[in-house]
Every structure is written in C-alpha cells, then in structure tokens.
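Throughout, protein chains are lettered first and strands after them, A, B, ... in sequence-line order, and every chain is numbered starting at 1.
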Amino acid sequence: MPQTLYDKLWDSHVVYVEDDGTALLYIDRHLVHEVTSPQAYEGLRLAGRKPWRVDSIVATADHNTPTTDWNEGIKDPISRLQVETLDANMREYGAKAYFPFLDKRQGIVHVIGPEQGATLPGMTVVCGDSHTSTHGAFACLAHGIGTSEVEHVMATQCLVQQKMQNMLVAVDGPLARGVTAKDVALAVIGKIGTAGGTRAAVEFAGSSIRALSMEGRMTLCNMAIEAGARAGMVAVDDTTIAYLKGRPFAPTGEHWNRAVAYWRTLVSDPGAKFDRVVKLDAREIRPQVTWGTSPEMVVAVDARVPDPDKEKDPTRREGMERALIYMGLQPNTRIEDIRLDKVFIGSCTNSRIEDLRAAAAMVRGKRVAASIRLAMVVPGSGLVKAQAEREGLDRVFRESGFQWREPGCSMCLAMNADRLEPGERCASTSNRNFEGRQGAGGRTHLVSPEMAAAAAIAGHFVDVRNWK
Amino acid sequence: MEKFVLLNGIVAPLDRANVDTDAIIPKQFLKSIKRSGFGPNLFDAWRYTDVGEPGMDNAKRPLNPDFVLNQARYKGASILLARKNFGCGSSREHAPWALGDYGFRALIAPSFADIFYNNCFKNGLLPIVLNEMRIDHLFNEVNAFPGYKLTIDLPRQLVLSSDGATQIAFEVDAHRKHCLLNGLDDIGLSLVHAEKIRAFEARRRAEQPWLFG
C-alpha cells in the first residue's frame with residue numbers, strides 16, 4: 001500500500017504498540033535548552049535514573065541569553081541561574097554536543113541543529129519547544145514536547161505517542177517577487193486557522209515548496225505549529241542533500257552514500273492517502289501582515305484591517321473586537337497606514353543567513369525612518385552571525401541604522417532584556433503575535449524579513465513587491 | 001502523580017477562543033527551575049492590573065475585578081470551562097503546572113491544542129473535549145447558577161450535573177485513562193519495555209550507524 005512520508009517515519013520508529021494504538025516511538029535526536037530541561041533533569045535525579053543515550057542529546061542556551069554586552073555575562077540573576085543549571089546538568093550527564101552561552105556555535109536550538117547536521121532525514125527529533133516542527137524541513141518527524149516528555153525521552157529514548165492524521169498542504173505555482181516562505185506559512189494559517197492542523201502531521205508539497213531553499217522550508221515547517229500541527233515536514237530532494245553535505249555531524253564516506261540512498265526513499269509514495277488536503281495557488285499569495293493577536297488574524301499588505309461588524313460568528317467577533325482593542329487598531333485601516341515603533345528581525349522562524357541577506361538587500365544604502373525607536377537584527381546563531389559579517393551584511397544593517405546583536409531567541413518571546421514596552425508596535429519576523437508575547441502590552445505584527453526591513457525604512461508597512 | 005478518579009467541583013467559565021500558553025503563564029515566570037509555585041501567576045496579565053515579575057508578593061498586587069477567577073462566585077473552582085483551541089502556542093509545561101497549582105483538576109473545551117492536551121495528562125489534569133453545543137449549554141448553566149458544580153466520573157467517562165439533569169459522555173484514550181486512574185508515571189510503564197527498546201536500538205544502529213556516536 002502506498003505510504004505517506006509521515007507513515008514511513010512513524011513505522012520506522014515504532015518500538016511497541018498497545019491495543020488502543022498508544023505507541024512507544026524511538027527518538028533519534030533530543031535537542032535541549034535551558035528553559036524546559038531543568039525540571040526534567042531534576043526528575044531524573046530524584047528517580048535515580050540516567051539518560052538512556054547521551055549521544056542523542058545536542059544542547060544550547062538560547063531563550064535567556066542576552067544579545068548585547070556578552071563580556072558582562074547574564075545580568076538577570078534568575079536567567080543566569082537557569083543557564084548555569086543547564087551548564088551543571090551538561091557537566092553531570094553529558095551530551096553529544098553542548099554549545100553554551102558565549103560559544104561561537106551557540107544559537108537558537110532550531111537554527112543550530114540543522115546548521116551542525118545534527119538534524120538528518122529520517123530521524124525523529126524532539127525538543128521541549130513547540131517550534132521543533134522546524135526540523136521537519138529535512139523529512140524528519142519532529143515534535144515539540146513538554147518537560148515531562150523531555151524527562152521521559154531522557155529516561156527511555158522513547159516518546160509515548162498516538163499516530164496523528166496525515167494532512168497534505170499543496171502549494172503550486174511560482175511565488176511573486178517579494179513573496180516568501182513566511183508569507184506562504186501565514187497564508188496557510190489564514191486559510192485553515194490556528195487549529196486547522198490539530199491532531200495532524202502536515203506534509204508541505206507542490207512545486208512552490210520544491211522551489212524553496214532549505215531555509216525557506218524551515219520557516220514554513222517552523223510555522224506548522226501555529227496552524228495547530230505538532231509536526232510539519234517536507235520530502236527529501238536534491239536541495240535537502242546538497243544542504244547537508246559537509247555539515248559537521250553529517251555522515252561521511254561510505255556512510256554518506258548509504259544514508260543518501262535511504263534518504264531518497266523519504267517521500268510520499270504516488271497515490272498515498274491523506275486524511276485532509278488543502279491546496280493553495282502560489283500566484284494568489286501576497287505579502288502577509290498579521291493585524292491581531294493570533295497568527296490566523298492575517299491579511300495581505302494591500303488589504304485593510306477587517307471589520308468585526310461583518311463577522312457573523314459571535315465568539316469570533318468578540319475575539320476580533322478584543323484583538324483590535326489590544327492592538328490599538330481601527331477596523332478598515334489600510335495595512336500600509338499602520339506606523340511602527342520597533343522592528344525585530346530574528347527568531348527560529350527567520351534568522352538564518354538567507355533571511356539576513358534578503359533583509360539587507362532591502363535596506364542597503366537607505367536609512368531607518370526617524371520615527372522608529374529601535375530596529376534590530378538578531379542572527380540565529382554565532383555561525384550565522386560570522387557568515388553575515390564575512391559578507392558585510394552587518395555593515396549594511398549598521399549603516400542603515402539597525403542594531404546588530406548577538407544570537408539568541410531575543411524579542412521573539414522576550415525572556416531576556418529585549419522586549420516591547422506597553423503599547424509599542426513592532427514589525428516582527430517571529431512566529432507569535434499573542435498578547436504580551438514580545439513584552440507586556442506590546443503589539444506584534446508578524447511579517448517576512450523583507451517586509452520587516454522595508455517597514456523599518458518607511459516607518460510603516462509597505463508592499464515589498466513594489467520596493468525599489 | 002496524583003490520581004484522578006472522581007471530581008466534584010465548582011466550574012469557572014473562561015469565555016475566549018484560542019487561549020494561548022503565553023496567556024496561561026507569561027514567559028517571565030518560565031525562568032523558574034522548579035515545577036511548583038506557578039498558581040499565583042496563572043493568567044497573570046488578565047488577573048492583575050499591573051505587570052507581574054518573578055519575586056513579587058502576589059497577595060499585594062492589584063486585581064482585575066472583571067477577570068473571572070477574581071469573582072467570588074468562582075472561588076475554589078477546580079473545573080475550567082473554556083472555548084476552542086485552548087492551550088495553543090508554546091509547549092511549556094508550566095501551563096498545566098500553573099493550572100494545577102491554582103487548583104484546577106479538569107478542563108472542558110470544544111478542542112485543545114495537541115501539545116498542551118498531552119502535557120495535561122502528564123500532570124494529573126484531565127482535559128475533556130465536548131462538542132460546541134454542549135459547551136454553549138454549560139456556559140449558559142454556569143452563568144445562570146452561582147456556585148454551579150459538575151461531577152466528573154473518569155471510570156464511567158461522564159460529566160454530570162448536581163441535579164442529574166445533565167449527563168454527558170466523553171472520550172479518553174485507554175492508556176491515558178489508566179495512567180490517570182492509578183496516578184502512574186509514564187516512565188515506569190515505558191521502562192517495562194526496556195528490552196524491546198534495546199533490541200530496536202541495536203537494529204537501528206546496524207542499519208543506520210550514522211545516527212549514533
């Protein structure tokens with residue numbers, strides 16, 4: 001029987017299944033960071049257990065680390081304790097690799113996994129972070145998990161799982177200039193809603209996806225969780241294999257050849273059955289901007305803020321009204337008339353080298369608008385930062401008036417010092433526009449790196465399809 | 001883990017869709033390296049009128065009188081009635097920890113986000129999915145009758161009203177039900193299969209050696 005990519009990944013990791021379908025799923029790669037691991041290590045310690053397979057663990061500190069003044073360490077004592085707790089757990093239990101605060105290879109866990117070749121096709125990948133779905137870009141089954149599951153995977157190398165449904169999101173056709181993987185992701189969420197992928201593993205397919213770089217595919221799979229899907233994935237092709245060749249933890253020699261032969265099988269078979277199918281025509285996708293407090297509250301840049309009076313469903317209408325009050329927006333305002341206070345380019349969604357190149361190309365030789373209080377670029381990792389600096393992108397950003405920061409999660413979730421003040425409005429390349437996400441009272445508009453960069457220059461949103 | 005068998009408790013209604021885990025427990029409280037003590041900061045941004053930070057004396061903070069959990073009639077609630085896609089967003093288990101620490105043992109909604117749903121079971125918290133019509137009915141009941149209580153009977157998989165007029169069946173996986181009823185930790189159960197895991201791992205190591213070492 002023809003199988004989907006998800007069926008193949010599932011079948012190849014089942015250790016044991018109970019009568020009700022509950023399975024023990026073997027985990028190949030466990031990514032660990034400082035926020036969701038301390039209680040898991042504590043649990044192991046209290047139960048007198050040891051990690052089952054230390055060489056499956058790749059760890060870094062990213063959520064709490066500052067993006068300025070690294071020579072001064074982590075000033076917030078509570079953040080510092082969390083990072084030091086990870087350091088101590090790494091010393092006690094070990095890992096295949098640990099990239100601590102200040103290491104040149106440190107960075108956002110979902111950027112460094114692929115960058116190091118620690119994420120490989122056919123793997124199951126877990127991390128105590130919902131954006132683990134990112135790694136599905138490599139035809140992995142990648143789940144975000146909670147801390148109890150982090151402890152469970154450490155203790156047993158397995159996750160207790162029920163098989164999800166198969167969902168196909170097919171996007172076909174060429175993307176217009178200025179329309180990116182981020183816009184595709186937001187357009188998909190706008191179409192199916194933030195619960196549209198609940199209980200499903202989503203495969204992204206179609207000619208538009210095939211044409212995306214690995215960076216673009218990671219952006220798309222990263223946002224699968226915002227559509228409610230715990231896992232997103234893309235089948236293996238030449239782009240996948242070319243990206244992996246020569247990465248530090250990628251196989252070499254004879255193992256490389258064997259691996260590639262296997263990886264080539266990681267595609268959905270012709271005729272494989274999906275429980276749900278959603279189709280999008282790439283030609284209809286325009287640059288996207290969220291206007292509300294949920295990623296599904298999204299419209300195209302040339303549209304207007306929607307009017308709740310036109311919404312019939314009462315729960316939805318109330319949600320829209322509440323969102324507009326929080327966001328300080330009037331219905332029917334043109335998106336291009338929305339003025340901004342801050343601009344954030346970064347996060348596990350959009351902080352890779354390609355994102356920075358695209359943003360730099362928008363701002364080269366231009367100046368950030370005087371009305372913008374802060375425009376910042378936070379590279380996804382130390383290696384992304386170094387690469388960007390070799391290409392002179394840091395100079396382009398700095399000369400335009402952007403701040404060029406050290407890597408980390410930064411203002412995507414504002415656990416460090418980078419945050420919005422109450423009422424501030426931000427164009428952000430991150431993934432969540434929830435109330436308070438980027439700082440209490442902060443107002444977030446999710447966009448692509450190109451859109452964020454252009455908005456910084458103009459001081460308000462602009463349609464990058466017409467950018468000169 | 002605390003066992004869950006029968007629960008009789010006051011129901012608090014939270015009438016918003018897409019309540020995300022950032023709302024349930026804002027990120028500044030994720031810096032704790034413990035599992036407990038999150039209750040006072042549950043729904044922090046909605047519950048208080050100031051901006052909460054770790055280390056504050058929550059008893060002295062100004063409460064938002066409009067927020068449901070601050071209303072006297074819902075004091076001591078152990079069942080939270082919610083709208084669709086409750087718990088969306090981050091995988092932070094601090095969300096169910098905060099709900100449990102506050103005193104909730106069961107949640108009733110038309111749908112839950114996947115990771116959150118899963119995290120609840122690991123912490124002795126029962127998320128119950130009922131259809132929108134039932135949920136609307138329960139919201140009406142809770143709003144109409146101060147002190148409205150429900151009984152949740154996990155062995156029989158029933159939600160019951162005190163007067164017996166409402167009796168609603170719900171679904172739960174056999175494995176998860178077994179763990180909740182007996183207060184079992186998944187790790188011990190999984191380690192029963194340690195030999196199978198080792199055998200699987202040995203086969204995998206032979207077939208795909210590049211995944212190891």
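- Heavy-atom pairs under 4.5 Å with chain B were tallied for A:Glu435, A:Met164, A:Arg419, A:Arg49; the largest tally goes to A:Arg49.
- In this structure, B:Arg83 is positioned above the aromatic face of B:Phe139, its NZ or CZ under 6.0 Å from the six-membered ring centre and within 45° of the axis.
- With a threshold of 4.5 angstrom between heavy atoms, A:Arg258 approaches chain B through its backbone and through its side chain.
- Heavy-atom pairs under 4.5 Å with chain B peak, among A:Tyr262, A:Trp52, A:Trp256, at A:Trp52.
- With a threshold of 4.5 angstrom between heavy atoms, A:Ala97 does not approach chain B through any atom at all.
- With hydrogens and angles ignored, the 3.5 Å screen pairs no side-chain donor or acceptor of A:Arg230 with any backbone N or O of B:Ile115.
- Between A:Glu321 and A:Arg317, the closest side-chain pair of non-hydrogen atoms falls below 4.5 Å.
- Looking at A:Thr315, the atoms closer than 4.5 Å to chain B (heavy atoms on both sides) all sit in the side chain, from C-beta outward.
- Of the two parts of A:Asp76, only the side chain, counted from C-beta on, holds a non-hydrogen atom closer than 4.5 Å to a non-hydrogen atom of chain B.
- For chain A, the nearby part of B:Glu53 is the side chain; its heavy atoms alone come within less than 4.5 Å.
- Counting heavy-atom pairs under 4.5 Å between each of A:Thr252, A:Val150, A:Ile145 and chain B puts A:Ile145 at the top.
- For the pair B:Leu138 and B:Ser161, the minimum side-chain heavy-atom distance is 4.5 Å or more.
- When each of B:Ala174, B:Ala17, B:Gly89 is scored by its heavy-atom pairs under 4.5 Å with chain A, the top score falls to B:Gly89.
- In summary, the aromatic rings of B:Phe86 and B:Phe116 are positioned with their centroids under 6.0 Å apart.
- Looking at B:Ala194, both its backbone and its side chain come within 4.5 Å of chain A, counting heavy atoms on both sides.
- For chain B, the nearby parts of A:Ala414 are the backbone and the side chain; heavy atoms of each come within less than 4.5 Å.
- Other residues, nucleotides and ligands contribute only 12 or fewer heavy atoms inside 6.0 Å of the CZ atom of A:Arg199.
- Annotation for B:Arg73: atom CZ counts as buried by contact number, over 12 foreign heavy atoms lying within 6.0 Å.
- A:Ser148 places none of its side-chain heavy atoms less than 4.5 Å from the side chain of B:Asp186.
- Each of A:His63, A:His131, A:His110 was evaluated against A:His33; a single residue qualifies, A:His63, per the ring-ring contact (aromatic ring centres under 6.0 Å, His included) test.
- Note: B:Pro209 leads B:Ala113, B:Pro209, B:Pro26 in heavy-atom pairs under 4.5 Å with chain A.
- Side-chain contact between A:Thr147 and A:Glu151: absent, with no pair of heavy atoms (C-beta onward) separated by less than 4.5 Å.
- For the set B:Arg204, B:Glu207, B:Lys196, the count of heavy-atom pairs under 4.5 angstrom toward chain A peaks at B:Arg204.
- Only the side chain of A:Gln157 comes within contact range of chain B, with heavy atoms under 4.5 Å apart.
- Taking B:Arg176, B:His175, B:Lys84, B:His94 one by one and counting their heavy-atom pairs under 4.5 Å with chain A, the maximum is reached by B:His175.
- Ranked by heavy-atom pairs under 4.5 Å with chain A, the list B:Asn18, B:Asn118, B:Thr21 is led by B:Asn118.
- In this structure, B:Asp44 and B:Ile25 have side chains that are not in contact, with every pair of non-hydrogen atoms separated by 4.5 Å or more.
- Note: A:Ser130 leads A:Ala229, A:Gly144, A:Ser130, A:Ala440 in heavy-atom pairs under 4.5 Å with chain B.
- Contact annotation for B:Lys34: only backbone heavy atoms (N, CA, C, O) come within less than 4.5 Å of a heavy atom of chain A.
- Interface remark: B:Arg203 contributes no atoms to any contact with chain A (heavy atom separation under 4.5 Å).
- With respect to chain B, the highest number of heavy-atom pairs below 4.5 Å among A:Glu318, A:Glu149, A:Glu296 belongs to A:Glu149.
- For the set A:Leu120, A:Ile225, A:Asp129, A:Val54, the entry with the most heavy-atom pairs within less than 4.5 Å of chain B is A:Asp129.
- When heavy atoms are compared at a cutoff of 4.5 Å, A:Arg316 does not approach chain B at all.
- For B:Ser190, the parts sitting under 4.5 Å from any heavy atom of chain A are the backbone and the side chain alike.
- No hydrogens or angles considered: a donor-acceptor pair under 3.5 Å links the side chains of A:Thr194 and B:Asn85.
- Heavy atoms of A:Gln438 lying under 4.5 Å from chain B belong exclusively to its backbone.
- Within the 4.5 Å cutoff, the side chain of B:Arg61 has heavy atoms near those of the B:Asn58 side chain.
- Between B:Phe121 and B:Tyr117, the angle of the ring planes goes over 60°, which puts this pair in the perpendicular group of the 30/60° scheme.
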- request: Under the side-chain hydrogen bond (donor to acceptor under 3.5 Å, both in side chains) rule, what do B:Trp97 and A:Gln39 come out as? Steps first, then yes or no, please.
  value: CA-CA 12 Å; B:Trp97 292 339; A:Gln39 295 91 346; over 6 Å; no
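- With respect to chain A, the highest number of heavy-atom pairs below 4.5 Å among B:Asp20, B:Asn119, B:Val51 belongs to B:Asp20.
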